[in-house]
Amino acid sequence: MKLYELRHKDSCMELQILDWDHELASRFSGDIKGGIWTPTTVKTLYKKRHSDFPSLIIGKPIINGNVKTVLESYISKKVEILPLKHDELELYVINVTNVLDCVDWNRSDIRRKRDGSWAGFDNIVFDFSKIPADTYMFKIKETATVEVFVTDLFKQVVEEHKFKGLNFNVVYDSEFTQEKEDEQQRLY
């Protein structure tokens with residue numbers, strides 16, 4: 001299994017939020033927003049190319065109505081799909097509520113602050129035994145406000161439907177074993 005960080009292509013449409021006091025401008029750390037959500041207006045900042053996954057400056061996953069129709073049955077138990085307002089497009093923000101404790105702390109390269117506390121990952125390694133087989137999208141608790149990860153299952157659905165606007169950069173490959181890692185380090 002491979003894991004990917006959800007990233008937009010540089011050429012995709014960029015959106016901007018108009019009301020910076022709206023819940024959309026807050027941290028999306030896995031908490032449910034549906035009870036307090038009201039659609040807010042976003043506008044196109046840079047049109048560039050058509051994108052089924054427009055980029056929002058503040059980094060939340062945005063999808064159009066076609067993607068929602070397809071993805072909803074796969075991801076709806078682990079995310080909230082919240083409506084947005086746009087002059088021309090049917091858009092939604094995905095609030096990923098599936099926050100997993102699946103980092104392999106013994107194998108990950110960890111950046112630490114001067115006091116020894118966690119500051120970030122230089123290289124993250126996942127414990128796949130803690131990622132359910134039917135997972136499409138998730139966050140990890142350490143970076144839940146800024147990163148969304150997707151699995152091969154998500155990538156397959158996107159590619160099957162030829163949706164545009166995402167880069168699938170591998171952040172971890174379960175077939176890249178400790179032995180392969182050691183060999184790569186030795187050769188480096």
Side-chain angles (χ1 to χ4, degrees), residues 2-100 120-121 124 134-171:
K2 292 180 182 172
L3 298 177
Y4 310 86
E5 187 176 7
L6 190 65
R7 290 273 181 197
H8 295 92
K9 289 187 176 180
D10 291 338
S11 62
C12 76
M13 176 192 310
E14 290 183 34
L15 303 172
Q16 180 180 18
I17 186 171
L18 297 182
D19 179 4
W20 286 94
D21 292 326
H22 188 272
E23 189 64 23
L24 182 60
S26 71
R27 295 178 173 259
F28 276 39
S29 58
D31 300 329
I32 293 173
K33 307 267 185 202
I36 58 173
W37 187 262
T38 56
T40 189
T41 301
V42 293
K43 73 173 188 172
T44 302
L45 187 59
Y46 301 109
K47 197 156 193 167
K48 299 183 182 179
R49 291 189 178 149
H50 167 77
S51 178
D52 297 300
F53 296 86
S55 173
L56 185 63
I57 291 176
I58 53 179
K60 314 283 189 299
I62 306 294
I63 59 175
N64 68 22
N66 295 333
V67 175
K68 176 188 179 280
T69 300
V70 171
L71 281 181
E72 194 166 27
S73 64
Y74 298 105
I75 65 173
S76 64
K77 293 179 183 168
K78 304 291 183 177
V79 306
E80 289 180 304
I81 301 175
L82 306 168
L84 296 171
K85 294 179 189 174
H86 189 277
D87 287 343
E88 303 167 18
L89 304 169
E90 178 185 355
L91 296 175
Y92 301 85
V93 62
I94 298 177
N95 178 26
V96 179
T97 57
N98 186 24
V99 181
L100 302 177
F121 295 106
I124 189 168
D134 63 346
T135 300
Y136 285 78
M137 302 179 84
F138 70 96
K139 293 181 175 187
I140 58 173
K141 62 182 182 171
E142 293 79 11
T143 62
T145 60
V146 294
E147 285 184 303
V148 174
F149 297 97
V150 297
T151 64
D152 284 324
L153 295 174
F154 182 90
K155 183 177 184 267
Q156 288 169 1
V157 172
V158 168
E159 289 176 345
E160 178 182 314
H161 290 86
K162 297 180 175 35
F163 292 137
K164 308 241 183 283
L166 293 179
N167 276 333
F168 288 102
N169 299 322
V170 176
V171 291

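Remember, it's a predicted structure, so these values are computed and weren't measured experimentally.
- Looking at every heavy atom in both residues, Val148 comes nearest to Pro61 through CG2-CG, 3.9 Å.
- With rounding to the nearest 0.5 angstrom, the CG atom of Leu166 is 10.0 Å from the CD atom of Glu159.
- Proximity of Tyr136 to Asn98: side-chain heavy atoms (C-beta onward) are nowhere separated by under 4.5 Å.
- With sequence neighbours excluded, no residue forms a ring-ring contact (aromatic ring centres under 6.0 Å, His included) with Tyr92.
- By the ring-ring contact (aromatic ring centres under 6.0 Å, His included) test, Phe121 pairs with Trp105, Trp118, sequence neighbours left out.
- The CG atom of Leu15 lies 10.5 Å from the CD1 atom of Ile17; values are rounded to the nearest 0.5 Å.
- Residue pairs meeting the salt bridge (Lys or Arg N to Asp or Glu O under 4.0 Å) criterion with at least one member in residues 62-75, sequence neighbours excluded, are Lys68-Glu72.
- Interatomic distance, Asn169 CG to Leu6 CG, rounded to the nearest 0.5 Å: 10.5 Å.
- Between Lys162 atom NZ and Asn66 atom CG the span is 14.5 Å, to the nearest 0.5 Å.
- For the pair Thr97/Asn95, a side-chain contact is recorded, criterion being any heavy-atom separation below 4.5 Å from C-beta on.
- Pairing each heavy atom of Asn167 with each of His8, the nearest pair is ND2-O, 3.9 Å.
- Under the salt bridge (Lys or Arg N to Asp or Glu O under 4.0 Å) criterion, Glu5 pairs with Arg7, not counting sequence neighbours.
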I would like to know whether Glu142 and Ile124 meet side chain to side chain contact (heavy atoms under 4.5 Å, CB included); could you show each step before the answer? CA-CA 11 Å; Glu142 293 79 11; Ile124 189 168; over 6 Å; no
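- Listed by chain and residue number, nothing satisfies the salt bridge (Lys or Arg N to Asp or Glu O under 4.0 Å) test with Glu160 (two or more places apart in sequence, or in another chain).
- Residues meeting the salt bridge (Lys or Arg N to Asp or Glu O under 4.0 Å) test with Lys78, sequence neighbours left out: none.
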Please table the atom pairs, donor to acceptor, closer than 3.5 Å between any side-chain atom in residues 31-44 and protein atoms at least two apart or in another chain.
residue, atom, partner, partner atom, Å
Asp31, OD2, Ser29, OG, 3.4
Lys33, NZ, Glu23, OE2, 2.7
Lys33, NZ, Ser26, OG, 3.4
Lys33, NZ, Arg27, O, 3.1
Trp37, NE1, Pro83, O, 3.0
Thr44, OG1, His86, NE2, 2.8

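- Residues that satisfy the side chain to side chain donor-acceptor pair (under 3.5 Å) test with Lys139, not counting sequence neighbours, are absent from this structure.
- Within the model, atoms OG1 of Thr151 and CG of Leu3 stand 7.0 Å from one another, a figure rounded to the nearest 0.5 Å.
- Scanning for side chain to side chain donor-acceptor pair (under 3.5 Å) contacts around Asp152 gives Tyr4, with sequence neighbours left out.
- Asp134 is not listed as a side-chain neighbour of Lys77, based on a closest heavy-atom distance of 4.5 Å or more.
- Applying the salt bridge (Lys or Arg N to Asp or Glu O under 4.0 Å) criterion to Lys2, with sequence neighbours excluded, gives no partner residue.
- Taking all atoms of both residues into account, the shortest heavy-atom contact from Gln16 to Leu45 is OE1-CD1, 3.5 Å.
- By the 4.5 Å heavy-atom criterion applied to side chains, Phe154 and Leu71 are counted as neighbours.
- Annotation: side chain to side chain donor-acceptor pair (under 3.5 Å) contacts of Glu147 (sequence neighbours excluded): Thr143.
- Under the 4.5 Å side-chain criterion, counting only non-hydrogen atoms from C-beta, Leu56 is not in contact with Val93.
- In this structure, the side chain of Asn64 does not engage the main chain of Glu90 through any donor-acceptor pair within 3.5 Å.
- In this view, Phe149 and Phe126, Phe138 satisfy the ring-ring contact (aromatic ring centres under 6.0 Å, His included) rule, not counting sequence neighbours.
- Here the closest non-hydrogen pair linking Ser51 and Gly165 is OG-CA, 3.5 Å.
- Annotation: the span from Met13 atom CE to Phe53 atom CZ amounts to 13.0 Å, rounded to 0.5 Å.
- Within the 3.5 Å criterion, the main-chain N or O of Leu24 finds a donor-acceptor partner in the side chain of His22.
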